[in-house]
Amino acid sequence: MGDRHARRLTPDFYRRDSRVVAPELLNKVLVCGNRSGRIVEVEAYAGSADPASHAYRGPTKRNLTMFGPPGRLYVYFTYGMHWCANAVCDEEGRGLAVLLRALSPIEGRDEMRQARSRARRERDLCSGPAKLCQALGIDGRLDGVDLTSQDAIVSIVDDGVVPPSEPGQSCRIGLSVATEEPWRWYVAGDPNLSRAER
DNA sequence: ACCGGGATGTTCT
DNA sequence: GAACATCCCGGTG
């Protein structure tokens, strides 16, 4: 797990169905500037086949990044105050994506604590899709960034830690439609999950 | 531990 | 005008 071996995920990694990519993103590392965290919880959104997806009704000004090439970062604003981040998947034009829901902080913990001054405990830094964006400084300015570009300030890297062979799985959180699809995956037992297990 | 409500403004109907 | 891929705080047990 040395950083020497860390490498960015390639377009081919993302160019698959979001429900295949999602569990494989577990234990990869989200990097933004000098802050990083291990991905411990994700949800897949399945485009025009998925009423809960922002892409369900086709392209709009907000969701345009979802219909672009795989490996881009889709960042959206919700509830009047929160940013959330996704990795775009599958072929260009399909609108598939994986929502990044929780991280285990690695680097830049001091800056994360500053960015999330209201978080009292360490496990509150990145234990939710909007928390992790606030912790890493991700907002709408990063919508559309190519995660696979060597120059991008934000990326997802493989540092040699494999995904769990038996990830936790559940229905997605916070939806009013398509609530029965089991498209949330997480690292079982991790203290940074957005919801406690069982 | 668990639950209920308020914040806050963009997006889409 | 309603909904929203959420979070935080203060109540109660």
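A quick note: this is a predicted structure, and the numbers were derived from the prediction, not measured. Just so it is clear: chains get the letters A, B, ... in the order the sequence lines come, proteins before strands, and each one is counted from 1. Note that these values count all heavy atoms, side chains included, but never hydrogens, waters or copies made by symmetry.
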Exercise for review: Evaluate the ring planes of A:His54 and A:Tyr76, with Trp represented by its six-membered ring, and classify them as parallel (under 30°), tilted (30 to 60°) or perpendicular (over 60°).
Suggested key: perpendicular
Considering only heavy atoms from C-beta outward, does the side chain of [X] approach that of [Y] to under 4.5 Å?
| X | Y | result |
| --- | --- | --- |
| A:Asp17 | A:Leu96 | yes |
| A:Arg38 | A:Asp190 | no |
| A:Arg19 | A:Trp185 | yes |

**Study point:** Secondary structure of DNA chain B in dot-bracket form (Watson-Crick or G-U wobble, distances below 3.5 Å, | marking inter-strand pairs)
**Key:** |||||||.||||.
Check your understanding: Would you call A:Arg109-A:Glu122 a salt bridge at under 4.0 Å N-O?
Key -> yes
Point to revise | A:Glu181/A:Arg172 ion pair, N-O < 4.0 Å | key: no
Measure from [atom1] on [X] to [atom2] on [N] and round the result to the nearest Å.
| X | N | atom1 | atom2 | result |
| --- | --- | --- | --- | --- |
| A:His82 | B:dT11 | NE2 | P | 16 Å |
| A:Phe77 | B:dC12 | CZ | P | 14 Å |
| A:Tyr56 | B:dT13 | OH | P | 12 Å |
| A:Glu197 | B:dC2 | CD | P | 14 Å |
| A:Tyr79 | B:dG5 | OH | P | 15 Å |

Check your understanding: Within the side chain of A:Ser18, is there an N or O that forms a donor-acceptor pair under 3.5 Å with the backbone of A:Tyr45?
Key -> yes
Please work out if [X] contacts a base, only the sugar-phosphate, or nothing of the nucleic acid, heavy-atom cut-off 4.0 Å.
| X | result |
| --- | --- |
| A:Lys61 | nothing |
| A:Leu99 | base |
| A:Ala52 | base |
| A:Arg120 | nothing |

Practice item. With DNA chain C as reference, determine whether A:Val177 or A:Leu132 sits nearer its 5' end, using the nearest nucleotide of each. Key: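 The 5'-side residue here is A:Val177.
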Revision key, fill the gap. Heavy-atom nearest nucleotide on DNA chain C taken for A:Ser53 and for A:Ala119; more 5' hit belongs to A:Ser53
Donor-acceptor pairs under 3.5 Å, side chain of residues 143-153 of chain A to any protein atom, not counting sequence neighbours: which ones?
unit_1: A:Asp143; atom_1: OD1; unit_2: A:Thr65; atom_2: OG1; d: 3.1
unit_1: A:Asp143; atom_1: OD1; unit_2: A:Val75; atom_2: N; d: 3.0
unit_1: A:Asp143; atom_1: OD2; unit_2: A:Thr65; atom_2: OG1; d: 3.2
unit_1: A:Asp146; atom_1: OD1; unit_2: A:Thr148; atom_2: N; d: 2.9
unit_1: A:Asp146; atom_1: OD1; unit_2: A:Thr148; atom_2: OG1; d: 2.7
unit_1: A:Asp146; atom_1: OD2; unit_2: A:Thr148; atom_2: OG1; d: 3.4
unit_1: A:Ser149; atom_1: OG; unit_2: A:Asp151; atom_2: N; d: 3.2

Review point. Is the distance from OP1 or OP2 of B:dT11 to the nearest side-chain N or O of A:Arg57 less than 4.0 Å?
Key: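 Checking A:Arg57 against B:dT11: no side-chain N or O falls below 4.0 Å of OP1 or OP2.
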Check your understanding: Does the side chain of A:Thr60 get closer than 4.0 angstrom to OP1 or OP2 of B:dC12 through an N or O atom?
Key -> yes
**Study point:** Outermost DNA chain C nucleotides near chain A [under 4.0 Å, heavy atoms]
**Key:**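 The footprint of chain A covers C:dC4 to C:dC9.
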Exercise for review: Before giving the answer on side-chain contact (heavy atoms from CB on, under 4.5 Å), spell out for A:Val29 and A:Ile39 the whole-Å C-alpha distance, their side-chain angles and the decisive distance to 0.1 Å.
Suggested key: CA-CA 6 Å; A:Val29 177; A:Ile39 297 169; over 6 Å; no
